[in-house]
Amino acid sequence: MQVDEPLLLPRLSRVAVCGGTHGNELSGVYLVQEMMKTQKGGEDREPASVSMLLSNPRAMQHCRRYVDIDLNRCFTHATLNGPISERAPYEIIQARELNAMLGPKGSRAAVDLVCDLHNTTANMGLCFIAYSDCDWICLHIFKYLQKQMPNMPMRFIHFDIPNKESYSLDSIGKHGFAMEIGPQPHGCVKSNIYTAMKEGVQHMLDWAGYFNSGCVFEGGSVEVFTLVKNIDYPRDGGTHNITATIHPHLQDRDFCLLHPGDPLFQTFSGETLLYKGKEPLYPFFINECAYYEKGIALSLARKNTVTIPSIWVQTEKEEEQSFTSEEEE
């Protein structure tokens, strides 16, 4: 049987691990603080240069999601490059500083990989959230974590958004993803959630080291959940207050298939409201605390299988040749 040649990809020279983008999501805050104290390279692999960043120090100081506006919505091309006033929100200024430090976004100078750490109040296990379903680096890292952490529910979520419109911190890197772990209430830290995040980050850094040192990672298949739409809570037409909450049969059932006619909401008067979609979809971020203000009760996704190729790191000579070819174009 013929074996396909591995796809050659540039080494991951610079990796950034970020916590505190939302100042009340504390697993990432405490993990990055701990990593800053104990950082060390691996013995049996060629480590990348790893930067640890606390992204939103003011929000962290007050244990709030953000100070003025959501930092994790401030990294679109327009926001990073448009005009800015002296009275700009704190998070806009912070986003530009992070872009200067890790980017610029979309440039050759940007860091090779950004892993941004988040917590959710939803029952989602460990999720990667990325803007591409064909970023072989991110998909291979996810596949590796699945193998290393078989007892942790794990999903890869794809937001199908063009690079210029991608809005989160991880979009600055050449490759990037948010590592979202829950359930954990905002403003506190749970040992099992913190430990899972710590283990996931360590496996990610191990993978980067093994890849840089020349290990071949075999291809395979990965299940990917692509966002289809968000659904808001039922609301009063006059006050815009919500009039229902997630139905108890749906609560905590993230990634369990939701069929047309299934219970979706329960009104405060006790009425059951059914899902009226035309197709079964997979719900996630069910009843996420931080999304009340965004008008999102839950998100819905389609599941598909992505086939990923085997990959191998380029040699320095191959990277130089690739760079020369790109310059000639």
Crowding at [atom1], [X] (>12 non-hydrogen neighbours, <6.0 Å):
X: Y30; atom1: OH; result: no
X: R73; atom1: CZ; result: yes
X: K294; atom1: NZ; result: yes

All pairs passing ring-ring contact (aromatic ring centres under 6.0 Å, His included) where residues 75-129 contributes a residue, at least two apart: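 Every ring-ring contact (aromatic ring centres under 6.0 Å, His included) pair that includes a residue of residues 75-129, provided the two are not neighbours, is H22-H118, F128-F142, F128-F177.
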Any ion pair linking R65 and E25 (charged N to carboxylate O, less than 4.0 Å)?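 A salt bridge links E25 with R65.
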If the threshold is 4.0 Å, N to carboxylate O, is there a salt bridge linking R14 and D112?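 Salt bridge absent between R14 and D112.
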Would you tell me whether [X] and [Y] have side-chain atoms, one donor and one acceptor, within less than 3.5 Å of each other?
X: S27; Y: K190; answer: no
X: R11; Y: S13; answer: yes
X: N287; Y: Q251; answer: yes

For a side-chain contact (heavy atoms from CB on, under 4.5 Å) check, start with the C-alpha distance between D170 and Y131, then their side-chain angles and the critical distance, and finish with the verdict. CA-CA 9 Å; D170 52 275; Y131 293 104; 3.8 Å; yes
With side chains defined as the heavy atoms from C-beta onward, is the minimum distance between [X] and [Y] less than 4.5 Å?
X: L98; Y: L169; result: yes
X: I311; Y: I137; result: yes
X: C215; Y: S213; result: yes
X: P183; Y: T120; result: no

Step by step, work out the side-chain hydrogen bond (donor to acceptor under 3.5 Å, both in side chains) result for E288 and H186. CA-CA 10 Å; E288 161 59 45; H186 297 320; 2.8 Å; yes
Taking only residues two or more places apart in sequence, or in another chain, which ones meet [X] in a salt bridge (charged side-chain N to carboxylate O under 4.0 Å, His left out)?
X: D68; value: none
X: D133; value: none
X: E279; value: R302
X: K303; value: E223

Before you tell me yes or no, could you show the steps for V17 and V201 under side-chain contact (heavy atoms from CB on, under 4.5 Å), namely the whole-Å CA-CA distance, both residues' side-chain angles and the distance that decides it to 0.1 Å? CA-CA 8 Å; V17 180; V201 169; 4.3 Å; yes
Checking W312 side chain against G214 main chain: does a donor-acceptor pair fall under 3.5 Å?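 Indeed, once roles are kept as given, a pair shorter than 3.5 Å links the two residues.
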Backbone N or O of C188 within a donor-acceptor pair of the Q184 side chain at under 3.5 Å?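 At least one qualifying donor-acceptor pair exists.
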Taking distance alone, no hydrogens or angles, what donor-acceptor pairs closer than 3.5 Å link side-chain atoms of residues 260-269 to residues at least two apart or in another chain?
unit_1, atom_1, unit_2, atom_2, d
D262, OD2, H259, N, 2.8
T267, OG1, S269, N, 3.4
T267, OG1, S269, OG, 3.0
T267, OG1, G270, N, 3.3
T267, OG1, E271, N, 2.9

Taking all non-hydrogen atoms of both residues into account, name the closest pair between L102 and C18 and its distance.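 Smallest interatomic distance, heavy atoms only, reads CD1-SG, 4.2 Å.
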Locate the shortest heavy-atom distance separating T79 from R96; write the atom from each residue and the value.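 Smallest interatomic distance, heavy atoms only, reads O-NH2, 3.0 Å.
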Do F217 and W207 make the cut of ring centroids closer than 6.0 angstrom?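 Ring centres of W207 and F217 closer than 6.0 Å.
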Could you walk me through whether L12 and H175 pass the side-chain contact (heavy atoms from CB on, under 4.5 Å) test, one step at a time? CA-CA 9 Å; L12 303 174; H175 310 276; 4.1 Å; yes
For Y291 and F285, run ring pair (Phe, Tyr, Trp, His ring centres under 6.0 Å): C-alpha distance rounded to whole Å, both residues' side-chain angles, the deciding distance at 0.1 Å, then the answer. CA-CA 9 Å; Y291 286 178; F285 278 128; 5.0 Å; yes
